[in-house]
Amino acid sequence: MTLTCKNWFLIRFVTCYKHFLLAMLLGLSVLTLGLGGIYLHGRSNLEDLVKEKATIANALFQNTIDEAHVAINKATPLLGAACTPATAAELKRISVLSPNIRTVNLVKDDYIYCSSLFSKALKRNANTRIAGDSHLFLATHNYFNPNEKILFLSSAVGETYAIASIDVQYIKKTLKTIGQKIPLTITLNNQQRVTYATSYSETEDGTLIALNSRDDEFTISSRISQTMYLDYMLSHLYISMSLCVIIAIVISINGYRQLKRPRSLQEELRRAVKENEFLPYLQPIVNHQGRVCGAEILMRWHHPNQGFIMPDLFIPLAEDTGLINVMTTQALTSVKSYLLQNHQYLPDGFHLAINISPCQCNDLLFYKDCLSFMSAFPEGKVKLVAELTEREFIKDTGHAALLFEKLHNLGVQIALDDFGTGHSSLAYINQFNIDIIKIDKSFTHLIGSVDMPSHIVDNVVDLANRLNIDVVAEGVENATQETYLKQHNIQFFQGYLYDKPLPPAIFMQKMKEQSHGQKRLQAAPSFEG
Ligand code: G
Ligand code: G
Ligand code: MN
């Protein structure tokens, strides 16, 4: 039950805000496409930038390593010989001439026995030996500062090594200067890493950009995380993104205006037929005893934006476009299902009138509608009446006569609507075998007025009586009119005095109440009995 309510609410919401939702959807699509494009563009920009930075870092670090190679190559011939002051001076000279090299040392057994920095021999440090094995090696501490790492490049000759040391602090600063916010990492071929702290935490996911060094001694890499992409976008592409949002809003508003723009009435009518926006209302017809014995179907357009639209405004166009046929079919089908649901409340021979336009007299479509309608009810339950306006003259092309003949055979009666306003003649009434006359409301309204042309009503009634035709008086609004019409032998009445045209559900409710009232009356004990 709750789900049904929710669904109903959703359907109502979507129907009411259809244009708005469509425009929003359009705007969102543009926004998604735009931002998607900007994101891809930003992504490739950032990746290019990182590659560029990695290339620079690679070149600079390669330079330093090359310098270290040159230094140890120069120091290698000094290996094996004793550490004389001349050897130490030569090591110092080599070191000083290499701006990025901190020290150049000679190692044998467990000792750095000669250094560009120390005059005395130093006990070998566990780091230095490994350095010899791995060529490029990152020591966890250096002689002067136990917290500071140092990078060694070594070259072995037998059991002896020439070693050059490079300041890791210096390398980190260089990386930071190049990378700025972008994290750059040097990974040695023994998997040791030199990196520096950035605002981005190191993640395993993200795009990896990696550049191998010339001799595969190290790799410069950077991992671009989603946060980095986002930050880059916000700081570099905010103008494009703002523009994209503005364009999406403009497109949404424009789309909304276009959708809301009134379409041609003809298009609108076609759409409304598809959407079932034409609703058949039922105006009761009462008999001499004041009981509802029938109804006239009067069409109402329930427009989603304009509200109710009266038939005078759309029937002429519906006639011109031929849509009146399908509208009549829809109306009869809808009324049929209402009447069928509660047919026990309808009096036998219930008079159901439907207006037909002259253009509907040229074919047998209306006849098919009537056939389908009549076959749904038990015989004698409903009497269908086709109301033909007297305002427009129906030429007897043969089609109309055939239609009326077939309708009559089916038991459908023909009423002459708006009687008195047009050009009917006795011949016309005879020609089409008119069964009912509906006195136009303009005459009913004259009743009670000072200049009432009473002879007109008298004449109509006279004519009807002589032709043995039923008469319905339309537009009865007050008791004076009703009394007068009753005195003049009119049998049926229709007008605001009884009811306005009602939605079918409400009309059926009234029929139910009337039927129950009738039963109560029959069941009540009689004083005479
Ligand atoms: O209420 P009212 O304004 O309902 O009706 C005005 C006129 O519109 C009616 O007199 C009738 O001629 C026309 N009309 C109303 N409903 C229909 C319909 O279903 N078919 C046709 N052809 N005309 C209709
Ligand atoms: O099809 P026809 O022209 O008969 O349709 C009847 C028209 O008269 C409809 O437009 C209907 O709304 C209108 N109508 C019905 N009862 C009254 C009434 O008592 N007074 C007035 N002014 N109009 C009425
Ligand atoms: Mn009518």
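In this text, all values refer to a predicted model and were calculated from it rather than measured experimentally. Read the numbers this way: they start at 1 and go in the same order the structure lists the ligands and their atoms. We use all heavy atoms of the structure for the numbers below, so side chains are in, but hydrogens, waters and symmetry mates are not.
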Name each N or O atom in ligand 1 that is under 3.5 Å from a protein N or O, and give the partner atom and the distance.
| residue | atom | partner | partner atom | Å |
| --- | --- | --- | --- | --- |
| ligand 1 | 1 (O) | Arg300 | NH1 | 3.3 |
| ligand 1 | 1 (O) | Arg300 | NH2 | 3.1 |
| ligand 1 | 4 (O) | Arg300 | NH1 | 2.7 |
| ligand 1 | 4 (O) | Arg300 | NH2 | 3.2 |
| ligand 1 | 16 (N) | Met299 | N | 3.1 |
| ligand 1 | 20 (N) | Asn355 | O | 3.3 |
| ligand 1 | 22 (N) | Ser357 | OG | 2.8 |

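- For the pairing with Thr389, the side chain to side chain donor-acceptor pair (under 3.5 Å) check across Asn355, Asp418, Asp417 returns one residue only, Asp418.
- Glu477 counts as a contact of ligand 2, since one of its heavy atoms falls under 4.0 Å from the ligand.
- Residues His408 and Phe404 place their aromatic rings such that the two centres sit no closer than 6.0 Å.
- In this structure, Glu477 does not pair ionically with Lys441, as no charged nitrogen and carboxylate oxygen lie closer than 4.0 Å.
- A donor-acceptor contact shorter than 3.5 Å links the side chain of Lys486 to the backbone of His288.
- Remark: Lys500 is positioned above the aromatic ring of Tyr496, its terminal NZ or CZ atom under 6.0 angstrom from the ring centre and at most 45 degrees off the axis.
- With hydrogens and angles disregarded, no donor-acceptor distance shorter than 3.5 Å links the side chain of Lys368 to the backbone of Thr329.
- Geometric assessment of Arg300 against the ring of Phe308 yields a negative cation-pi assignment under the 6.0 Å and 45° thresholds.
- Relative to the six-membered ring of Tyr196, Lys176 misses at least one condition, a distance below 6.0 Å or an angle of at most 45° to the axis.
- If you look at Phe350 and Phe377, their ring centroids are not closer than 6.0 Å.
- Protein N/O/S atoms found under 2.8 Å from the Mn ion (ligand 3), listed by chain and residue number: Glu296 OE2, Asn355 OD1, Glu387 OE1, Asp417 OD2.
- Minimum interatomic distance between Ala57 and Leu175 (heavy atoms only, all atoms of both residues): CB-CD2, 3.9 Å.
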